[in-house]
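Following: one structure in structure tokens, then a few remarks.
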Number of protein chains: 2
Amino acid sequence: MKDLTAQQSKVLNCIEESINKTGFPPTRAEICQKLGFKSPNAAESHLRALEKKDIISIAGGSSRGISIKNKKSSSGGSVPVIGLVAAGSATLASENIEREINVDPSLFSKNVDYFLKVKGLSMIEDGIYEDDLVAIHKTTDFKNGDLAVVRTEDDVTLKYIFKENHKLLLKPANKDFDPIHIDLKNESAEVEGIGVGLIRKN
Amino acid sequence: MKDLTAQQSKVLNCIEESINKTGFPPTRAEICQKLGFKSPNAAESHLRALEKKDIISIAGGSSRGISIKNKKSSSGGSVPVIGLVAAGSATLASENIEREINVDPSLFSKNVDYFLKVKGLSMIEDGIYEDDLVAIHKTTDFKNGDLAVVRTEDDVTLKYIFKENHKLLLKPANKDFDPIHIDLKNESAEVEGIGVGLIRKN
DNA sequence: TTTTATACTGTATAAATATATAGTATTTTT
DNA sequence: AAAAATACTATATATTTATACAGTATAAAA
């Protein structure tokens, strides 16, 4: 999905606020009043930009004809939290799920299938701490440098991944930890997913 | 609650249908069209009856200004995201809100009033990066060592806070940044809230 | 470099809309 | 039996509202 500009976000937010508060979408003039614009065309053009980006739809020829597209279901997505130790086997089996949390699926760039609770300090230099919840998008695809959940023959680990031909490099972000080199000719390794975000509880 | 007549129920149903289908309430004319009335006043008087029975409210002087009363509370926890630059003034004013995200309120230890989008690298050594969203619980209370949103005379900043008598220490987590010392006898500073969590989007 | 997108002000107007007024008729409540 | 509510048609109009057109200016993309 295309990113919204700061102003477009404000307009979108203004629409949401209006619907929540009054029960119906705002007029151009109301958007202008709330955001301090002096011309109705300021609102109009932002609305058209949002429409172009498929965020809202505008019913032609009717007042307040704005509706927000792909509204998520009320409860939002419930996403399981899994301990890193357990991530190896049947990842999403219920016995591995520590809890479920509700998150806005639109929060992260890609769909989040589960949160991985981080153990150890191997990624600490890049701001990933013990007990942080790393949002994982399940996929076997990755680009070099992605943060990946990798299942090796005897472990599951969260590292930066680099692949060159049959050689896999799993690189930690901690100088006290050594990178892991895997030769796919001799050993097996599978990418379970990539990290697309992080949640930390203080 | 007073009972609705058959016609009033039809009109109410028509309103609900319109909101579900289009995202906004109907006009008088649209109600007439759907229910086969030939005069806009037919719809009007039914609406006034529904208003009198406290089923709906009608916003005077605005089109489609119908809203159905006692609706369920809106989506779970919708929490605004605010840029650090804007955090100073009218913090939660709509023009400062970049977007809203839905989060599980139980996710963090304390109630989250807003997310602060981090600017700069002053907390990078403790895993708080630029554009991270720090979950802020609005309060003026704090303990020494808390991560606090502090409004000084000319800035708003996110730092570790330590207070001893009239002296305030705002400590960054980056050796390239100097701690800020504030003598409350000479300068003013206010704690706007404390950080209770963090969300990062990759 | 040119084009496209963003981000507005300012003015104007056709169309959409709420809303008042004047009726008629039936049903329900007091 | 009278008053009030219901349930409409019909017409009119002030206001709201969407929307087009003409500009200016800046930033980003091609």
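Sequence lines set the chain letters: A, B, ... in the order given, protein chains first and strands last, and positions in each chain run from 1.
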Lys/Arg N to Asp/Glu carboxylate O, Lys117(B) vs Asp132(B), below 4.0 Å: no
Exceeds 12 heavy-atom contacts within 6.0 angstrom, atom CD of Glu51(B): yes
From dT19(C), dA10(D), dC8(C), nucleotide with atom closest to Ser39(B) side chain: dA10(D)
Check: Ser63(B) side chain, dA18(C) base, donor-acceptor under 3.5 Å: no
Nearest-0.5 Å distance, CZ of residue Arg28(A) to CG of residue Leu47(A): 5.0 Å
Whole-Å distance separating the CZ atom of Arg28(B) from the P atom of dA12(D): 21 Å
Over 12 non-hydrogen atoms of neighbours within 6.0 angstrom of NZ in Lys171(B): no
Atom-to-atom span, CG of Leu47(B) to C1' of dA7(D) - whole angstrom: 14 Å
Distance, rounded to the nearest Å, where Gln8(A) contributes CD and dA28(D) contributes C1': 13 Å
Spacing between Leu35(A) atom CG and dT6(C) atom P, to the nearest angstrom: 17 Å
Residue-phosphate contact under 4.0 Å: Arg48(A) side-chain N/O, dT19(D) OP1/OP2: yes
Phosphate OP1/OP2 of dA7(D): any Thr5(B) side-chain N/O under 4.0 Å: yes
Asn41(A) CG to dC8(C) P, straight-line distance once rounded to whole Å: 11 Å
dA7(C) phosphate, OP1 or OP2, under 4.0 Å from Lys10(A) side-chain N/O: no
Spacing of Lys53(B) atom NZ relative to dA7(D) atom C1', expressed in whole Å: 12 Å
His46(B) side-chain N/O to dA7(D) phosphate OP1/OP2 under 4.0 Å: yes
Any Gln7(A) side-chain N or O less than 4.0 Å from OP1/OP2 of dC8(C): yes
Distance in angstrom units between Lys38(A) NZ and dG23(D) C1', rounded: 17 Å
Minimum-distance nucleotide to Glu44(A) side chain [options: dT9(D), dT19(D), dT19(C)]: dT19(D)
For atom CD1 of Ile31(A) and atom P of dT17(D), their distance in whole Å: 12 Å
Chi angles and distances behind the ring-ring contact (aromatic ring centres under 6.0 Å, His included) call for Phe108(B), His137(B): CA-CA 10 Å; Phe108(B) 301 103; His137(B) 169 61; over 10 Å; no
Given DNA chain D, 5'-ward residue of the pair Pro40(B) and Arg64(A), judged by closest heavy atom: Pro40(B)
